Amino acid sequence: MNKKVIGLLAVSTLALTGLTACGSNNSSTSSSSDKVEAYTGATAGTTSFDNLQKGLSANGAWINAITADMNASGKTLTVDGTFHNEKDKTTDARKLALYTQDSNKVVTKRFVLTVDKLVVNSPGFYISNGTVKGNVEVNADGFYGQTGKGVAGEATIEGNLTFKTQAQLDAYNKLDATKKVKVTGTVEVAK
């Protein structure tokens, strides 16, 4: 091959590699009008329930956040799809970030998400640093909570926490206290 063809192939390969690296780990596609507000850090987020629901859909992102208290009373927020931790790419992980943080990852504000119900169908889902005011129904393995350092508060459910199976509840009960969510209601298996 001549040098021009080899150079053109090298540039094409680099361009494709760059485009692939910028893509998500999810294989879905969307037009700009369907674009979901997906977030790669806990300091970005939305104040729209509809955008939060899109972000937590099967075609959404592994992490979604709110940037202020959100009142969606009477609505159900559903978390669907299987996603992986952005660092190791193999561990199931789905994060609902209810806080903001500074550059040192210290929580600067915790938020309250008010819903009738939060339905969790994604494995490895966790509530991070804020409060879900409403009942949480867990239908997938690996549910937990995360509380970071900073302003007073912790990952909280102001309502009931219900698991689909006894095995899911047992696994949750075996977690270290730092990975449990503070629950004001009951913690039980669905009847």
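Sequence positions, counted from 1, serve as the residue numbers for this chain. In this text the structure is predicted, and so the values were computed from the model without any measurement.
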In Å and rounded to the nearest 0.5 Å, what is the [atom1] to [atom2] distance from [X] to [Y]?
X    : Y    : atom1 : atom2 : answer
L96  : N64  : CG    : CG    : 7.5 Å
T178 : Q146 : OG1   : CD    : 9.5 Å
K75  : K117 : NZ    : NZ    : 15.5 Å
H84  : T90  : NE2   : OG1   : 8.0 Å
N129 : T147 : CG    : OG1   : 5.5 Å
L52  : K54  : CG    : NZ    : 11.5 Å

### Trace of the side-chain contact (heavy atoms from CB on, under 4.5 Å) decision for L161 with F143
CA-CA 11 Å; L161 174 59; F143 174 83; 3.9 Å; yes

### Task
Please say whether the positively charged group of K95, taken as NZ for Lys or CZ for Arg, lies over the ring of Y126, i.e. under 6.0 angstrom from the six-membered ring centre and within 45 degrees of the axis.
no

#### Entry: Geometric cation-pi criterion R94 and F125, 6.0 Å radius, 45° cone
no

### side-chain contact (heavy atoms from CB on, under 4.5 Å) assessment of K182 paired with I157
CA-CA 6 Å; K182 177 182 174 184; I157 296 170; over 6 Å; no

### Query
For the residue pair A140 and P123, what are the closest heavy atoms and their distance?
CB-N, 3.6 Å

### Heavy-atom pair with the smallest gap, counting every atom of T131 and E154
OG1-O, 4.4 Å

#### Entry: side-chain contact (heavy atoms from CB on, under 4.5 Å) between L113 and K133, intermediate numbers included
CA-CA 6 Å; L113 170 64; K133 191 173 183 179; over 6 Å; no

### Message
Could you tell me if the side chain of L77 sits less than 4.5 Å from the side chain of Q53, heavy atoms only?
### Response
yes

### Query
Any side-chain heavy atom of L98 sitting closer than 4.5 Å to one from V132?
yes

Indicate if [X] and [Y] have the same hydrophobic cluster label, given that clusters are the connected sets of ILVMFWY residues with side-chain heavy-atom separations under 4.5 angstrom.
X    : Y    : result
V187 : V181 : yes
V183 : Y144 : yes
V106 : F111 : no
I127 : F49  : yes
V112 : V151 : no

[X] side-chain N/O to [Y] backbone N/O, donor-acceptor pair under 3.5 Å:
X    : Y    : answer
D176 : K179 : no
D116 : S73  : no
S122 : D80  : yes

### Query
Around K109, counting heavy atoms of other residues, nucleotides and ligands shown, do more than 12 lie under 6.0 Å from its NZ?
no

### Query
With a 6.0 Å cut-off on ring centres, are F163 and Y172 close enough?
yes

Strictly by modelled atom types, are [X] and [Y] linked by a side-chain donor-acceptor pair under 3.5 Å?
X    : Y    : result
S48  : D50  : no
T162 : N160 : no
N139 : E137 : yes
T108 : T100 : yes

### Task
Give the intermediate values and the outcome of side-chain contact (heavy atoms from CB on, under 4.5 Å) for residues T78 and V119.
CA-CA 5 Å; T78 304; V119 178; 4.2 Å; yes

